[in-house]
Chemist: 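Submitted below is the structure of interest, expressed as structure tokens.
Both backbone and side-chain heavy atoms feed into the values below; hydrogens, waters and symmetry mates do not. Chain A is the first sequence line, chain B the second, and so forth, proteins listed ahead of strands; every chain is numbered from 1.
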Amino acid sequence: MIDVLIVGGGGAGLRAAIAVAETDPSLTVAVVSKVYPMRSHTVSAEGGAAAVIGIGDTLDEHAYDTISGGDWLCDQDAVEAFVAEAPRELIRLEHWGCPWSRESDGRVAVRPFGGMKRMRTWYAADKTGFHLLHTLFQTTLKYQEIIRYDEWYVTQLIVDDGRVHGVVAIEIRTGRVEAIAARTVILATGGCGRVFPFTTNAAIKTGDGMSLAYRAGAPLKDMEFVQYHPTGLPFTGILITEAARAEGGWLINKDGYRYLQDYDLGQPTDTPKLRSMELGPRDRLSQAFVAEQNKGRTVETPYGPVVYLDLRHLGEAKIDMRIPFVRELCRSYQNLDPATDLIPVRPVVHYMMGGVHTDLDGATPIAGLYAAGETACVSINGANRLGSNSLPEILVFGARAGAAAAGFARSHQGGQASAVRSQGEDERRRLRRVLDDGRGTGPRIADLREEMQQTLEGAAGIYRTGDPLAKAVETLASLRERAVDARVDDHSATFNTELISLIELHAMLDVAETVVACALNRTESRGAHQRLDFPARDDAGFLAHSLVHRAPSGVPSVGLLPVTLTRWPPGERVYGRD
Amino acid sequence: MTAGAYRPPRDRVWFLRSRAYAVFVARELTSVFVAWTIAYLLLLIAAVTGGTLQEFAVLAARPWMIALNVLALAATTFHAVTFLNLAPKATVVRLDGWRVPDFMIQGGNHTAWLLVSAVLAWVVLR
Amino acid sequence: MSTKESERAARRKAAADGHGTETIRLEISRYRPEQDTEPVFESFDVPMSEDWAILDGLNYVKDQLDGTLSFRWSCRMGVCGSCGMNVNGKPRLTCGTFLSEFGRGPVRIEPLKGFPVIRDLVVEIDDFLAKLSHVRPWLIREGEELPLTAEYAQTPEQLEAYKQYSMCINCLLCYSACPVYVLNPDFLGPAAIALAQRYNLDSRDQGDRLDLLNSDEGVWGCTFVGECTSVCPKHVDPAEAIQRYKVTAAMRSVLPWSRR
Amino acid sequence: MRRTPEPYLWLLFSAGGVVAALLLPVLVLLFGVLMPLGVLDWPAQAELAALLDPLAVRLALVAVVLLCLFHAAHRIRFTSEEVLGIARLDPIIAVLCYGAAIAGVVVAVLLLF
Ligand SMILES: Cc1cc2nc3c(=O)[nH]c(=O)nc-3n(C[C@H](O)[C@H](O)[C@H](O)COP(=O)(O)OP(=O)(O)OC[C@H]3O[C@@H](n4cnc5c(N)ncnc54)[C@H](O)[C@@H]3O)c2cc1C
Ligand code: SF4
Ligand code: F3S
Ligand code: FES
């Protein structure tokens, strides 16, 4: 019997595992991950992690930037807890060996970031997530008591009587399906960018945890809030980090004009100005791109319209010093050198503000089930996450969920052995059937996936309207039916990636349905959710989270949950004006 | 460990699979000629101390002997170049945090080689 | 228009123009333990596109031609380390190796050498993970910890001293390229030693990994073939890390009182 | 901690590599190629004998022989194991290789003293 079973070996999952091991070494803690932990998507994060350390900066300012950045949809108690604990988490990581970039006197260095009024983003050159994840992973190796299930894929939560009792998982290498009994489960499965066709997200970001919780009866929250990052490379969707702009990069349209000045984001200055122009929030920047496109001021390429990110004036030395990975990526994947060439960029799906609904300790409404990281929605990101808030978030709430789960495991005797056995058996039979029935006909997984992605991009992109959203509901429903008969060629038990793709497709369809349902229900525009048919923010009707349950019929049912306000009444989002 | 995992048999000619491997093996095999060169020099010393330099000179002038020594020259030179070039890998020099670039260390090594060679030749031939 | 669509459109247009119908042949090593006793090659023709990496070709095969092909990948931006394979005999990251590099092809794609093959292009890497744990890749401190209000000071120069070795993405191309490891899997190997050095050279680390590294399976197993460094996509230079530790280990053996 | 002789062997190997690199090419060139080919004349027996006379020179020569032979022995040991895939025979191969090197050193000492 495992005391704390963590699904996911990314930043949130590993931080939770260490928290459990440190809270109480007598507890057994396991990390189940569909890829080796150091392959998790946290590894791709580039720009940095925000936490107040600088003199002159205050927790309140970090909180205010976050709340206004989130268009007042953040739960302010959560934000306050977040900004207070973030510095300690980043220092802890420093103590574990994270190679943070430094000032010449040996202190940790900080850089500016979009939507932040102060320089408070810690960074490790432009491979922050990579260093953070490897530091965490290597640190977990110190704790013998952390059991790892590497390349195991969780297909189901075992829930009985309102309480979680474990998970069912496939060992990908052997095809073995196993029910793992656990007193508590923490979902730390990351985001779901892959429901869209053009994304910075890795192949593994298929929203599994959201789907697992949703199917088990836990609500998802704020699923309509999908972040487009303004600067992705066309074709691959590889991210060019916001740090490129923080270091002084400019966004220019086809006329070489710094177009952001036309969108109430301030006036161009030579050196970057905080909360202004290129350092505005991501939702506004991506929306400005669409406006430019409509004015015909973007550049057409085979991979869609682009604008340019201009780093040439930074010079080779600064680029190599501060953002070497940007240069490496541009050279390897775009065949250009940012020191001498313009980088073509376009908005790209990047981050999920929504996720599994939790409280401040990561607890979901199902007893013993917790969630943390991008898969969760504690509501610190509101309607638009600020760059560099996610990495500290996975640490702060990973640690909190770990500690809370450890507490729960200690005070609750486990379990329902019978439920574990019978639900495990059912799931094993279901998966066997998929393999054995072996349809050589039916629609291809890849085609269904692509149709789902196009549907989402079409209906739930940067701008949305009611009719296409309503149509998307139908398309997704039909996709779900067709997915039942999807063609499976691979009947092998050994490393069957086609079976995994199929399960992921089903998870993504769950997530896609909730995104569309929430977007349809929210008849206002706020942050990353912009309705052309309801262009104004409506605090009277929608200063509230969307809470979506799976109705008994299997369709999403959306309700509202008021936002928690503490000290910051809703106001206007002001950028570039002092 | 997975039962069904495939473990390829040992590749007997791995060193022919890439140019880099072949160069590596060639580099290592220069050591045979290093040993030979020492043996040859010991023979020379024996001749000098034993007063049989004439006979040694005759032996040394045999075509196969010259051929062998030309090979030895090529091999020891190859050894010298590769060994001196690889030296910076083991000896990273930092001055004030600034890492002395490899090419400088290599340049220094090769200069030393030339100097030593010149001095030796002068001593022997003067 | 979305990317995929426009990409298709571009391809269709090129095909209509008569010079875009080009394909390139991928010769892919297949191993299905339930049916094969040893790997066999299978050929697939995939569309030739300037922008496609090998990985895009493999995904095309999986999505459109044969759903049973198994391989690992995730980030497709050269940082997760999961897509290493042998491409035309050399270990490469397939997300960062472009089809255009291979002219008219064919391109031979095999699993990384030196590891047991689980299936198709998927190899077993548990051995590396065990080795990684073995070298104690975490910051070792003696005595009291600083409180969580202050960081250990580390100057940019001190950071520079180990930074390069911290860039390892655990892709294992270096193990695959190292003949010593392929012949003798007990050899600790390039990446694990580089990571040990990453901590040894960190000014905050007070530990000692001499007992692990100064052994026949540790640094002394390496005969400086140097291929680990040539194939490393992240310029970690494990060969250098190992040679440097040889000097350290030798000095500490001769002068046991010397510190690292 | 298990003790291993490798660090000492490696130090000898490295020093031998440097000595061999710096000294051997020019010596083979002179005594093995140019003089036998008649491009240069052989020095007189007495001259060479005089060169070998100082104790320091003789000691240095022994050192050179020792280092170069250990260098060669070390490399031959590993290369043969790698090329032939016989690492499990390492103890025997090591004894053979280093034994031969020691024999060479003994010969040098006998010749020079
Ligand atoms: C390109 C890029 C750059 C970014 N840059 C920044 C930045 O500079 N600053 C910042 O603050 N944020 C950044 N972000 C966001 C941030 O990186 C992520 O939100 C964060 O890393 C998510 O971490 P996580 O631990 O929640 O999930 P992940 O790291 O995605 O980990 C998910 C884990 O869950 C496992 N898993 C998933 N499903 C299953 C299943 N069914 N069974 C078993 N295991 C499963 C996976 O194997 C994986 O281990 C960036 C994101 C991207 C895409
Ligand atoms: S050292 Fe280089 S090649 Fe080896 S695993 Fe690390 S990144 Fe890959
Ligand atoms: S290839 Fe192997 S032998 Fe050493 S230098 Fe690299 S580890
Ligand atoms: S897919 Fe991540 S390194 Fe290639």
Chemist: Taking side chain as everything from C-beta outward and backbone as N, CA, C, O, which of these in Glu34(C) sits under 4.5 Å from a heavy atom of chain A? Side chain, backbone, both or neither.
Modeler: side chain
Chemist: Sort Arg32(C) into side chain, backbone, both or neither according to what part of it lies under 4.5 angstrom from a heavy atom of chain A.
Modeler: neither
Chemist: Under 4.5 Å from any heavy atom of chain A, what part of Ile169(C) do you find: side chain, backbone, both or neither?
Modeler: both
Chemist: At a heavy-atom separation under 4.5 Å, does Pro156(C) approach chain A through its side chain, its backbone, both, or neither?
Modeler: both
Chemist: Do you see a donor-acceptor pair shorter than 3.5 Å between the side chains of Thr68(C) and Arg30(C)?
Modeler: yes
Chemist: More than 12 heavy atoms of other residues, nucleotides or ligands under 6.0 Å from CD of Gln35(C): is that the case?
Modeler: yes
Chemist: Examine whether an atom of Arg136(C) lies under 4.5 Å from a heavy atom of chain A, and if so say whether it belongs to the side chain, the backbone or both; otherwise answer neither.
Modeler: neither
Chemist: Contact part of Ala53(C) toward chain A, heavy-atom cut-off under 4.5 Å: side chain, backbone, both or neither?
Modeler: neither
Chemist: With a 4.5 angstrom heavy-atom cut-off, could you sort out which part of Ser332(A) is near chain C: side chain, backbone, both or neither?
Modeler: backbone
Chemist: Verify whether one side chain among Tyr152(C) and Gln158(C) offers a donor that lies under 3.5 Å from an acceptor in the other.
Modeler: no
Chemist: With a 4.5 angstrom heavy-atom cut-off, which part of Glu300(A) approaches chain C: side chain, backbone, both or neither?
Modeler: neither
Chemist: Give, as side chain, backbone, both or neither, the part of Thr200(A) having an atom under 4.5 angstrom from any heavy atom of chain C.
Modeler: backbone
Chemist: Against chain C, label Asn201(A) side chain, backbone, both or neither, depending on which of its atoms sit under 4.5 Å from a heavy atom there.
Modeler: backbone
Chemist: Please determine which of Ile125(C), Leu195(C), Leu129(C) meets the side chain to side chain contact (heavy atoms under 4.5 Å, CB included) test together with Asn170(C).
Modeler: Leu195(C)
Chemist: Would you call the rings of Phe115(C) and Tyr175(C) parallel, tilted or perpendicular, where under 30° means parallel and over 60° means perpendicular?
Modeler: tilted
Chemist: Is it the case that the side chain of Thr94(C) and the backbone of Gly84(C) share a donor-acceptor pair, with hydrogens and angles ignored and the cut-off at 3.5 Å?
Modeler: no
Chemist: Check each atom of Leu159(C) against the heavy atoms of chain A and say whether the ones under 4.5 Å are side chain, backbone, both or neither.
Modeler: side chain
Chemist: What residue in Thr236(A), Thr140(A), Asn335(A) has the most heavy-atom pairs under 4.5 Å with chain C?
Modeler: Thr236(A)
Chemist: Is it the case that Ser501(A) and Lys62(C) place a side-chain donor and acceptor less than 3.5 Å from each other?
Modeler: no
Chemist: What part of Lys205(A) gets closer than 4.5 Å to chain C, counting heavy atoms only: side chain, backbone, both or neither?
Modeler: neither
Chemist: Could you label the plane-to-plane angle of the Tyr149(A) and Trp152(A) rings as parallel, tilted or perpendicular, counting under 30° as parallel and over 60° as perpendicular?
Modeler: perpendicular
Chemist: With a 4.5 Å cut-off on side-chain heavy atoms, are Tyr199(C) and Tyr162(C) touching?
Modeler: no
Chemist: Does any backbone or side-chain atom of Val122(C) lie under 4.5 Å from a heavy atom of chain A? Answer side chain, backbone, both or neither.
Modeler: side chain
Chemist: Measuring only between side-chain heavy atoms, which start at C-beta, is Phe71(C) closer than 4.5 Å to Ile109(C)?
Modeler: no
Chemist: For Glu328(A), is it the side chain, the backbone, both or neither that has a heavy atom under 4.5 Å from a heavy atom of chain C?
Modeler: side chain
Chemist: Does any part of the side chain of His95(A), heavy atoms only, come nearer than 4.5 Å to the side chain of Leu139(C), both counted from C-beta?
Modeler: no
Chemist: Chain A: which of Gly78(C), Gly81(C), Ser133(C) shares the most heavy-atom pairs with it under 4.5 Å?
Modeler: Gly81(C)
Chemist: So Asp202(C) and Tyr165(C), side-chain hydrogen bond (donor to acceptor under 3.5 Å, both in side chains) or not? Walk me through it.
Modeler: CA-CA 10 Å; Asp202(C) 189 323; Tyr165(C) 304 137; over 6 Å; no
Chemist: As an exercise: rank His41(A), Arg107(A), Arg148(A), His131(A) by heavy-atom pairs under 4.5 Å with chain C and give me the winner.
Modeler: His131(A)
Chemist: With a 4.5 angstrom heavy-atom cut-off, which part of Cys168(C) approaches chain A: side chain, backbone, both or neither?
Modeler: backbone
Chemist: Does any non-hydrogen side-chain atom of Pro344(A) lie less than 4.5 Å from one of Leu336(A)?
Modeler: yes
Chemist: With no hydrogens and no angle check, is any side-chain donor or acceptor of His134(A) less than 3.5 Å from a backbone partner on Cys98(A)?
Modeler: no
Chemist: Check each atom of Glu151(A) against the heavy atoms of chain C and say whether the ones under 4.5 Å are side chain, backbone, both or neither.
Modeler: side chain
Chemist: For Arg444(A), is it the side chain, the backbone, both or neither that has a heavy atom under 4.5 Å from a heavy atom of chain C?
Modeler: side chain
Chemist: I want to check something: taking the side chain as every heavy atom from C-beta on, are Met167(C) and Asp237(C) in contact at a cut-off of under 4.5 Å?
Modeler: no
Chemist: So which part of Arg72(C) gets closer than 4.5 Å to some heavy atom of chain A, the side chain, the backbone, both or neither?
Modeler: side chain
Chemist: Pick one of side chain, backbone, both or neither for Asp56(C), based on which atoms fall under 4.5 Å of a heavy atom in chain A.
Modeler: side chain
Chemist: Which of the residues Gly96(C), Pro147(C), Cys75(C), Cys95(C) is involved in the greatest number of heavy-atom pairs with chain A at under 4.5 angstrom?
Modeler: Cys95(C)
Chemist: Let me know if Val35(A) has heavy atoms under 4.5 Å from chain C in its side chain, its backbone, both or neither.
Modeler: neither
Chemist: Looking at Ala202(A), Pro87(A), Gly461(A), which one has more heavy-atom pairs under 4.5 Å with chain C than the rest?
Modeler: Ala202(A)
Chemist: Non-hydrogen atoms of chain C under 4.5 Å away: do they reach the side chain of Ala493(A), the backbone, both or neither?
Modeler: both
Chemist: At a 4.5 Å cut-off on heavy atoms, which part of Thr149(C) comes close to chain A: side chain, backbone, both, or neither?
Modeler: backbone
Chemist: Heavy-atom distance under 4.5 Å to chain C: side chain of Phe130(A), backbone, both or neither?
Modeler: side chain
Chemist: At a 4.5 Å cut-off on heavy atoms, which part of Arg331(A) comes close to chain C: side chain, backbone, both, or neither?
Modeler: neither
Chemist: Any salt bridge linking Arg92(A) with Glu89(A)? Criterion: basic side-chain nitrogen under 4.0 Å from a carboxylate oxygen.
Modeler: yes
Chemist: Heavy-atom distances under 4.5 Å only: say whether Leu329(A) touches chain C with side chain, backbone, both or neither.
Modeler: side chain
Chemist: For chain C, which of Gly129(A), Ser104(A), Ser492(A), Ala446(A) has the most heavy-atom pairs under 4.5 Å?
Modeler: Ser492(A)
Chemist: Using modelled atom types only, decide if a donor and an acceptor are shared between the side chain of Thr301(A) and the backbone of Tyr303(A) within a distance under 3.5 Å.
Modeler: yes
